[in-house]
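Heads up: the structure comes next, in structure tokens.
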Amino acid sequence: MSTSLYTRIANARLDRCPARQAQGRRWLADLPPDLADLVVPPVSVDVFEEYEMQAEGARGRDAGDAPCYCEYRHVLTQLRSDDDESFYETPVYAEAVTSWRLVDERWLVCRSTLDRLHPSGAQTRYSVSETQPR
């Protein structure tokens, strides 16, 4: 008789989706390291992508299935031409909003924008909100 080193639980979820695994490591990317102990870590992260425009997002849930992380990113493009005959699409504005639920139930929000048409260009701002950003 042998003893198994691995036992599979009958109702265990197998998350083999590469996007889900990559997102699992990515939720800390924009979080300042000093604040990592103040946020509720997600135990599951669902990734979604918009099909009509360049946009993606993710939603994380804690052990009690309550939202504790969310991320939204989108890019706006514009048609350009060098010779008035052939046109190409180029990004002109991008925005990313990432938020984490703090242990005191407030939300830490990081909003980053990149505007190629504005002189100030890129900006990143952190704020604290009483509600989860939508």
Side-chain angles (χ1 to χ4, degrees):
M1 186 164 135
S2 64
T3 303
S4 174
L5 297 177
Y6 172 76
T7 303
R8 181 172 175 202
I9 300 171
N11 61 353
R13 235 173 66 180
L14 296 177
D15 289 332
R16 293 200 173 129
C17 175
R20 183 183 297 267
Q21 291 171 357
Q23 186 62 36
R25 293 183 297 271
R26 198 171 107 182
W27 76 274
L28 284 170
D30 295 329
L31 184 65
D34 296 345
L35 301 178
D37 292 336
L38 299 177
V39 301
V40 178
V43 295
S44 68
V45 176
D46 293 321
V47 178
F48 58 92
E49 191 170 324
E50 180 65 42
Y51 66 94
E52 292 181 349
M53 65 181 286
Q54 294 181 19
E56 64 182 11
R59 292 186 193 114
R61 298 199 165 270
D62 64 8
D65 203 35
C68 64
Y69 165 75
C70 65
E71 171 184 23
Y72 305 101
R73 300 176 189 274
H74 70 272
V75 178
L76 299 179
T77 59
Q78 190 175 66
L79 287 176
R80 298 277 176 94
S81 174
D82 291 334
D83 58 5
D84 289 334
E85 291 181 14
S86 59
F87 290 88
Y88 60 94
E89 195 172 22
T90 185
V92 292
Y93 180 81
E95 182 174 15
V97 177
T98 307
S99 60
W100 305 266
R101 192 178 81 220
L102 299 167
V103 292
D104 66 357
E105 300 299 319
R106 294 182 301 164
W107 287 81
L108 175 64
V109 181
C110 174
R111 183 178 308 270
S112 300
T113 57
L114 176 62
D115 189 350
R116 293 183 59 188
L117 303 176
H118 196 270
S120 65
Q123 294 182 349
T124 298
R125 297 176 306 278
Y126 286 89
S127 62
V128 175
S129 173
E130 294 295 325
T131 60
Q132 177 184 358
R134 301 279 174 199

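Residue numbers start at 1 and run along the sequence shown. This structure is a prediction, so every number in the text was calculated from the model and none was measured.
Across every non-hydrogen atom of Cys70 and Gln132, the tightest pair is SG-NE2, 3.6 Å. Taking each heavy atom of Thr77 and Gln54 in turn, the nearest pair found is CG2-NE2, 4.0 Å. Listed here is the closest heavy atom pair of Arg101 and Pro67: NH1-O, 2.7 Å. Across Leu102 and Val40, no two heavy atoms sit closer than the pair O-CG2, 4.0 Å. For Arg59 against Tyr72, the heavy-atom pair with the smallest separation is NE-OH, 3.7 Å. Between Pro133 and Val97, the closest heavy-atom pair is CB-CG1, 4.5 Å.
The backbone N or O of Trp100 lies less than 3.5 Å from no partner atom in the side chain of Trp27, so there is not a single donor-acceptor pair.
Residue Glu95 is tested with Arg111, Arg125, Arg73 for a salt bridge (Lys or Arg N to Asp or Glu O under 4.0 Å); the sole match is Arg111.
The environment of Asp104 atom CG is dense: over 12 non-hydrogen atoms of other residues, nucleotides or ligands sit within 6.0 angstrom.
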Please determine whether side chain to side chain contact (heavy atoms under 4.5 Å, CB included) holds for the pair Tyr69 and Thr98, giving the CA-CA distance in whole Å, both sets of side-chain angles, and the decisive distance to 0.1 Å. CA-CA 8 Å; Tyr69 165 75; Thr98 307; 3.7 Å; yes
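If you chain together hydrophobic residues whose side chains sit under 4.5 Å apart, Val109 and Leu35 never meet in one group. By the criterion of side-chain heavy atoms lying less than 4.5 angstrom apart, applied directly or through intervening Ile, Leu, Val, Met, Phe, Trp or Tyr residues, Val128 is grouped together with Leu38 in one hydrophobic cluster.
To the nearest 0.5 Å, atoms CH2 (Trp107) and SG (Cys68) are separated by 6.5 Å. In this structure, Leu108 CG and Ser127 OG are separated by 7.5 Å, a value rounded to the nearest 0.5 Å. Residue Glu56 holds its CD atom at 11.5 Å from CD of Glu50, rounded to the nearest 0.5 Å. One finds the CD atom of Glu71 at 7.0 Å from the CG atom of Asp30 (value rounded to the nearest 0.5 Å).
The side-chain heavy atoms of Gln78 and Glu89, taken from C-beta on, include no pair separated by under 4.5 Å.
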